[in-house]
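The figures that follow rest on heavy atoms only: side chains count, while hydrogens, waters and symmetry mates do not. Chain letters run A, B, ... following the sequence lines, proteins first and then strands; every chain starts at 1. Note that the coordinates shown come from a computational prediction; the quantities given were computed from them, not determined experimentally.
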Amino acid sequence: MENRIVAENMAQLFKRAAEQYGDLPAFATRKKELEWEPVSFRDLYNRGINLATGLIEMGIEANEHVGLFGDNRFEWILTDCGIQLSGAADVPRGRDITDTELVYIINHAEIKVAFAETEILAERIFKLRKKLPTLRTIILHDESGSVNKDFIHISEVEERGKQLRNEGDRRVEQRMDAIKPDDLFTLIYTSGTTGKPKGVMLSHANIISQMKVIPIELSCTDRVLSILPVWHIFERVFEVYTIASGVCTYYSSIRTLGDDLKNVEPTFMGSAPRLWESLHQRILKKVRESHPMRQLLFHTAYFLSKQYKSSLYFLFDKKLKTERQSMLKRIFLLPLHALRWVVVTPFYGFFNVAVLEPVRMSAGGSLKATVSGGGALPTEIDRFFNFIGIPVLEGYGMTETSPVIAVRTEDELVIGTVGPVVADTDVRIVDLETGDTLFPDENYPDNGRGLRGEIHVKGPQVMQGYYKEKELTENTIRNGWLRTGDLGMITFNNCLKILGRSKSTIVLLSGENLEPEPIEMRLTHSRLIEHCMVVGQDKKHIGALIVPDLDGLREFGIEVKTLNDAAVNDQAKKLIQSEIKKVVSPANGFKRHELIQEFALLPENFKNGEELTSLYKMKRHIIQDKYADQIEAMFNHESTRVK
Amino acid sequence: MEFTTQLLYPIDQVLLAVMIFSIMFGMGASLTIDDFKTVMRYPRGILIGFLSQFGLMPFFAYGLAVFLNLPPAYAISIILIGCLPGGTTSNMFAYFARGSVALSIAMTTASTIMALIMMPILLELYTAEFTAALTSELQLAGTGAEFVIPTGNIITSLVLVLVPVAMGMFLRAKSQVWAKTAEDTAGFMGIIVIIYLIGTAFARHSGLMLQTPIEIYIAAVCVGLLGFLFGFWMSRLFRLSPIFQRAISLETGIQNGPIAFAIILLSFAEPVQSQMLWLAILYSTFIVITSSFITLYYRRVGKFDYEIYKNTTIHNRLFGDEYVSHYPDGFLPKRIEHDPSQGFTPGQVREKKQAL
């Protein structure tokens with residue numbers, strides 16, 4: 001049932017959703033395991049109007065930037081609604097924002113009014129006030145605790161707005177009517193994996209364009225579990241999309257995810273690769289711990305599913321095709337695959353029902369599809385979930401494109417790619433050195449498919465630019481084409497394949513180039529390794545910084561309490577050494593210069609917000625700076641060598 | 001069609017016994033005391049299920065026997081199949097057909113116990129004319145024996161079959177982990193044995209499939225199909241919710257095959273035993289295929305109402321019993337506007353009363 005709302009701006013979207021979906025729950029917050037608090041679309045809109053009126057009364061102008069610092073909770077979305085209805089734009093960041101970032105962002109965006117989720121955060125901002133000349137008011141989300149008189153509470157603003165509405169105040173309607181498509185709806189400062197924060201200006205037209213092109217169908221009967229930070233564009237677009245589709249979003253957290261999957265039984269979920277990795281590990285662990293009979297059943301089922309799906313992908317031309325394939329070969333293989341498909345289907349049918357369904361139950365059992373974004377999903381994990389029957393639709397995008405550029409759909413599910421480019425959007429592949437367009441170009445065979453280069457995007461989702469960074473904007477967007485800084489190619493079945501970050505390329509002393517991501521992905525897939533980063537710019541060979549997985553080490557009988565212990569444990573070193581040698585080997589398709597020659601075990605884990613972005617992407621420059629000594633030592637042969 | 005050799009060799013009979021034992025043990029391992037309590041929660045569903053299982057099914061089986069003019073031994077076999085209680089297979093199919101698994105399990109539980117009383121009565125009622133025909137056949141052949149339905153033996157075999165079920169339930173009460181393993185292992189073993197038996201039966205009696213008259217096939221296929229069809233319409237007539245309709249339909253059509261094997265082996269002798277077994281094997285083979293297709297069909301047509309049911313249930317699970325889900329006007333089709341599955345919680349009941 002196609003019923004998503006496409007309004008002309010965010011304010012209208014909230015209004016139309018309230019009219020169309022009324023009493024249905026829009027957002028639900030967890031109080032206890034089986035006690036959640038729903039808020040309906042109508043209540044959200046009505047409270048949003050009150051808040052907006054209160055904000056206007058406080059002097060918020062149209063198009064003003066309002067700070068919104070906090071994580072997923074109902075008040076966040078209420079604030080967003082209030083800000084949109086008042087014609088302003090929000091500047092969102094999570095609670096883990098650092099003081100330096102706070103000062104930079106508040107001053108750069110000239111924020112006068114800021115919302116803070118907790119009292120601790122509000123106090124942090126208050127203490128910085130001498131450095132924040134523009135900031136006038138801090139509004140607090142959290143009800144609990146003593147409210148300092150330096151801040152006001154969101155309910156006070158709402159209350160004041162309600163009073164004014166009752167007295168006939170209709171300024172909100174005027175503001176809503178005045179919103180133009182190119183007005184900003186948000187200004188997102190990207191923490192980025194490189195450099196200082198950049199303010200990405202996204203307009204109402206940008207985000208609304210996404211409502212038209214997202215190729216996933218959701219309706220009032222769906223449930224979405226939200227786990228990623230809402231201020232991040234990847235989660236935010238889903239929030240907006242669920243409002244447009246009448247879907248209820250249930251706020252979960254990493255800690256409660258296992259229970260929430262079981263209780264909410266989500267039909268849809270968006271998440272970062274990290275979550276799929278841990279879910280994958282959990283399922284495998286469960287299988288390993290089960291009765292041998294059940295292990296056998298699982299492996300049989302998985303094997304059959306693999307045969308079944310591989311043939312199916314071949315028959316429907318959904319196999320990853322990075323090179324031109326001869327028609328003759330296809331015609332020859334076609335009957336063989338058809339035969340295998342016919343033979344395997346009844347057995348697959350049985351095992352799918354009897355064995356794989358209970359496995360799917362560990363993810364709630366109702367998932368129709370999931371989207372993975374915010375980083376590359378390791379192929380093994382990708383295959384695993386697709387083979388056990390949870391379609392993972394990997395997508396590709398960035399904050400600058402609000403965010404979707406390409407996403408797989410259930411009909412176009414080519415593992416190893418991020419699917420076809422979404423509607424209304426053009427992608428071209430550009431040679432990094434010469435700047436020539438490789439795809440689409442008729443002068444190349446197959447219009448340039450299969451050639452690798454930098455991905456450039458043009459479409460209604462491309463941002464307005466970086467706030468107050470004219471030069472940077474001009475460097476990034478030329479003639480409407482946005483340079484993504486990612487390497488990719490268009491496959492022969494018209495899907496986009498991402499090949500790494502053009503900027504993370506490591507150039508060895510010998511001049512050989514290599515992409516660290518595929519090696520890292522392979523390594524982190526090991527049970528022994530939690531994180532790793534490949535380094536070696538301008539060195540003779542590459543090395544790896546490794547955060548070992550303590551549980552994994554313990555499984556191999558190495559009793560270590562902390563990462564500090566592990567870093568000096570010779571047994572652990574030996575074990576990981578052999579694991580690296582086994583995993584990153586020519587047998588697994590790695591070239592000679594991609595083999596890891598040195599490694600160091602790090603004494604601490606990477607932390608979210610420090611070494612990792614909120615989507616668990618590594619901030620390479622930060623890690624490189626922090627462990628500069630270890631890296632130097634490593635290449636000076638003081639640490640372990642992989643022989 | 002006569003069987004010149006025994007359909008099953010002694011080794012097969014042992015295997016069959018092992019299969020029956022493990023399947024029934026697995027069935028027990030999947031049941032809990034709570035399942036018996038669920039029976040009380042769905043009195044209407046159970047009653048209608050009971051009517052279609054012990055009312056419609058035996059009647060259709062009898063009707064098929066008469067209409068197709070089946071030889072007496074086959075006629076008795078098909079009626080026996082019609083009178084069987086439901087098995088655990090139907091619970092799995094109900095799950096995938098987006099039907100109510102709770103009702104399916106409750107019906108399996110209730111019918112297995114009721115079978116102790118109902119099966120002898122129903123067999124007595126429907127098989128009378130066929131036993132008479134068998135007797136006269138036997139007398140023509142000059143054996144001078146009289147054929148009677150061995151009611152006592154049937155009850156004994158039913159009780160015997162219930163012993164592993166009770167053992168399974170005991171295991172479940174002791175250890176849930178072991179019960180789960182036993183359930184899976186039993187299911188897996190059951191499948192391997194049944195594939196082996198069917199395989200060898202076809203291999204040894206290669207001509208058997210071709211010799212078997214078409215009526216026998218029709219009977220074996222149709223008894224299940226009629227059960228699905230009328231189980232569905234009957235529950236629809238009584239305005240049960242779609243998820244109950246699908247559960248009752250599948251529960252009616254899918255019978256507990258292993259019990260049929262046990263009864264035939266323990267209670268009937270040659271020359272009828274092989275013929276009866278052959279029909280039971282055919283039924284067990286075809287029912288897997290037909291119910292797979294029916295399940296796929298139900299799964300498709302039931303997608304929408306099941307999603308609504310699921311969503312409403314989860315709303316109540318998370319937001320409390322007082323919460324009532326209001327879908328936009330025109331979102332719910334007429335068919336499920338007054339869905340009984342949505343009138344259970346206090347909030348829903350109150351709202352319904354206010355609307356009236």
>> Given heavy-atom pairs under 4.5 angstrom as the criterion, report whether the side chain, backbone, both or neither of A/T267 touches chain B.
In response: neither
> Where does A/F41 contact chain B at under 4.5 Å (heavy atoms): side chain, backbone, both or neither?
Replying inline: neither
> Would you call the rings of B/Y323 and B/F319 parallel, tilted or perpendicular if under 30° counts as parallel and over 60° as perpendicular?
Replying inline: perpendicular
>> Is A/L34 close to chain B through its backbone or its side chain, or both, or neither, when contacts mean heavy atoms under 4.5 Å?
In response: both
>> Is A/V355 close to chain B through its backbone or its side chain, or both, or neither, when contacts mean heavy atoms under 4.5 Å?
In response: neither
> If we ignore angles and hydrogens, is there a donor and acceptor under 3.5 Å between the side chains of A/T29 and A/E37?
Replying inline: no
> With under 30° as parallel and over 60° as perpendicular, where do the rings of A/F74 and A/F27 fit, or are they tilted in between?
Replying inline: tilted
>> Given A/Y302, which partner from the list A/F384, A/Y348, A/F385 fulfils the ring-ring contact (aromatic ring centres under 6.0 Å, His included) test?
In response: A/F384
>> At a heavy-atom distance under 4.5 Å, which candidate from A/L296, A/D23, A/N263 has the highest pair count against chain B?
In response: A/N263
> For B/Y306 and B/R299, does a side-chain donor sit closer than 3.5 Å to a side-chain acceptor?
Replying inline: no
>> What part of A/P25 gets within 4.5 angstrom of chain B, counting heavy atoms only: side chain, backbone, both, or neither?
In response: both
